[in-house]
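Here is the structure we will look at.
Sequence lines set the chain letters: A, B, ... in the order given, protein chains first and strands last, and positions in each chain run from 1. Since the model is a prediction, treat every value here as computed from it, not as a measurement.
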2 protein chains.
Amino acid sequence: MARDSTDSRGGRGTNKDTRGRIVDASGGLFRRNGYTGTGLKQIATAAGAPFGSIYHFFPGGKEQLGAEVIRWSGEMYLRLFETAMDAAPDVVTGVRDFFAGAAETLRETDYADACPIAAVALEVASTNEPLRQATAEVFTSWIDAGTEHLVTSGLSRETGRTLMISMLAGLEGAFVLSRALRSTEPVDVAGATAVATVREALREAQ
Amino acid sequence: MARDSTDSRGGRGTNKDTRGRIVDASGGLFRRNGYTGTGLKQIATAAGAPFGSIYHFFPGGKEQLGAEVIRWSGEMYLRLFETAMDAAPDVVTGVRDFFAGAAETLRETDYADACPIAAVALEVASTNEPLRQATAEVFTSWIDAGTEHLVTSGLSRETGRTLMISMLAGLEGAFVLSRALRSTEPVDVAGATAVATVREALREAQ
DNA sequence: GTCTATACTTTGATAGAC
DNA sequence: GTCTATCAAAGTATAGAC
């Protein structure tokens, strides 16, 4: 019963099962090289798994693997967001800390690790409908979760949703700029803007 | 909105020379399918050019072509931005119109045409240094040009730059979300946020 | 300069031995 | 379930006829 592995889905053992290692390695490679830019053989090598294992665990091939990686990465990042928000005394601080953490991660990873699915999302938006839907589900889940936090903090559902979309857009766009420019300035600026906007919205809602 | 052009620069005939058609076709394909997702044979076909012509005009192969497409697309989009700003009576209206035009283009192209280089930028940021530099130059040119408009409107250089980065990040991130969700809501929201922020900044600067 | 043919590599995917 | 061998197709790139 009380196994160590975090959750159900049989999926996220850090070093245990081959399947988990494949998903994990794919997530890292997709994030940096994109979907078409990552080969299945490359994934097998990075995961330390034989090539055949990919098709053993993912009979649907690259597309099935891609969809699962997108959803899994989305859940992980959502969990990271929730953790940051729960740890903060208020929503403004939570937002500030989350952006600060994103900037720190960018620096630490030489501007490689930003949004786990943005690169794939832009690649598949007009070329692969199943994967596009997967990215849409992830973004929707993030927007809904963030909206909930803002509603809890006193905003109306509508302004909460609008504000959350605006902040997420700011973060995603800042990731694009920061990775290209190799500077955290865009993320820092977007974070400051987000903090100011949330603070203002909360004040007006009082 | 973001269509062709007829101009100088010594070589951008819409239908004239083979080289121009190759760059043009590549821009459209890179934007939709990404860099690695677009093949040179595909480009030749789309451009109505023989395969050998690509290597005739771009001896450096795909990378040289990619770099030129990034810079050329960046110039085109900058020109589009300048045109929108010059046509508007004030900077606030200009920003509003630009976001509105972006949303309209998204709708008209079935959410395919957004930022001309974002997909490539995320793909090459950690994998191809020459192309990453090309995207960085483009983003920098956009930020500088936008900052100039804001400074002209009365903002300090520092707040102008910060505001421009924030708006560009909002636009880029909104493009990611809008293409994935197949909805202009993110671009609409980001536009409204940008307009409100510029208006507020101008008021404070008075 | 235009265009075709081809070399070489890598891709996603499958079959089958163990 | 693990792993290797191999396939057909597509990728980039080159050579050379016209």
Report summary line: A:K62 atom NZ is separated from C:dT11 atom P, nearest whole Å, by 9 Å
Query raised in the report: Rounded to the nearest Å, what distance is computed from the CD1 atom of residue B:I54 to the P atom of nucleotide D:dG11?
Result: 11 Å
Query raised in the report: Closest to the B:S53 side chain: C:dT2, D:dT14, D:dT2?
Result: C:dT2
Query raised in the report: Closest to the A:K41 side chain: C:dG12, D:dC3, C:dA5?
Result: C:dG12
**Report entry** Nearest-angstrom distance from the residue atom CG of A:L40 to P of D:dC3
**Finding:** 17 Å
Query - side-chain N/O A:T18 vs D:dT2 OP1/OP2, d < 4.0 Å - result: yes
Query raised in the report: What is the distance from CD of B:E63 to P of D:dG11, rounded to the nearest Å?
Result: 18 Å
Query raised in the report: Nearest 0.5 Å, what's the CD1-OG1 distance between B:I43 and B:T38?
Result: 6.0 Å
Requested in this report: Measure the distance from CZ on B:F57 to C1' on C:dC3 and round it to the nearest whole Å.
Outcome: 12 Å
Query raised in the report: Does B:Y55 have B:K62 sitting over its ring (NZ/CZ under 6.0 Å from centre, angle to axis within 45°)?
Result: no
Query raised in the report: Rounded to the nearest 0.5 Å, how far apart are CD of A:E82 and CZ of A:F98?
Result: 10.0 Å
Report task. Side chain of B:Y55 only, please: which of D:dA13, D:dC3, C:dG12 is the nearest? Result -> D:dA13
Report task. Working to the nearest 0.5 Å, report the span between SG of B:C115 and CH2 of B:W142. Result -> 4.0 Å
Report task. Send over the distance from B:H56 NE2 to D:dT14 P, rounded to a whole Å. Result -> 15 Å
Query raised in the report: Looking across every strand, which nucleic acid part, if any, lies under 4.0 Å from B:G39 by heavy atom: base, sugar-phosphate, or nothing?
Result: sugar-phosphate
Query raised in the report: Under 4.0 Å between a side-chain N/O of B:T36 and OP1 or OP2 of D:dG11, yes or no?
Result: no
Report task. Just compare C:dA13, D:dC3, D:dA13 and give me whichever is closest to any side-chain atom of A:F51. Result -> C:dA13
**Report entry** Verdict with reasoning, A:M167 to A:V198, per side-chain contact (heavy atoms from CB on, under 4.5 Å)
**Finding:** CA-CA 9 Å; A:M167 288 194 295; A:V198 174; 3.3 Å; yes
Report summary line: note: A:F58, atom CZ; C:dG12, atom C1'; distance rounded to Å ~ 15 Å
**Report entry** Whole-Å distance separating the CZ atom of B:R19 from the C1' atom of C:dG1
**Finding:** 14 Å
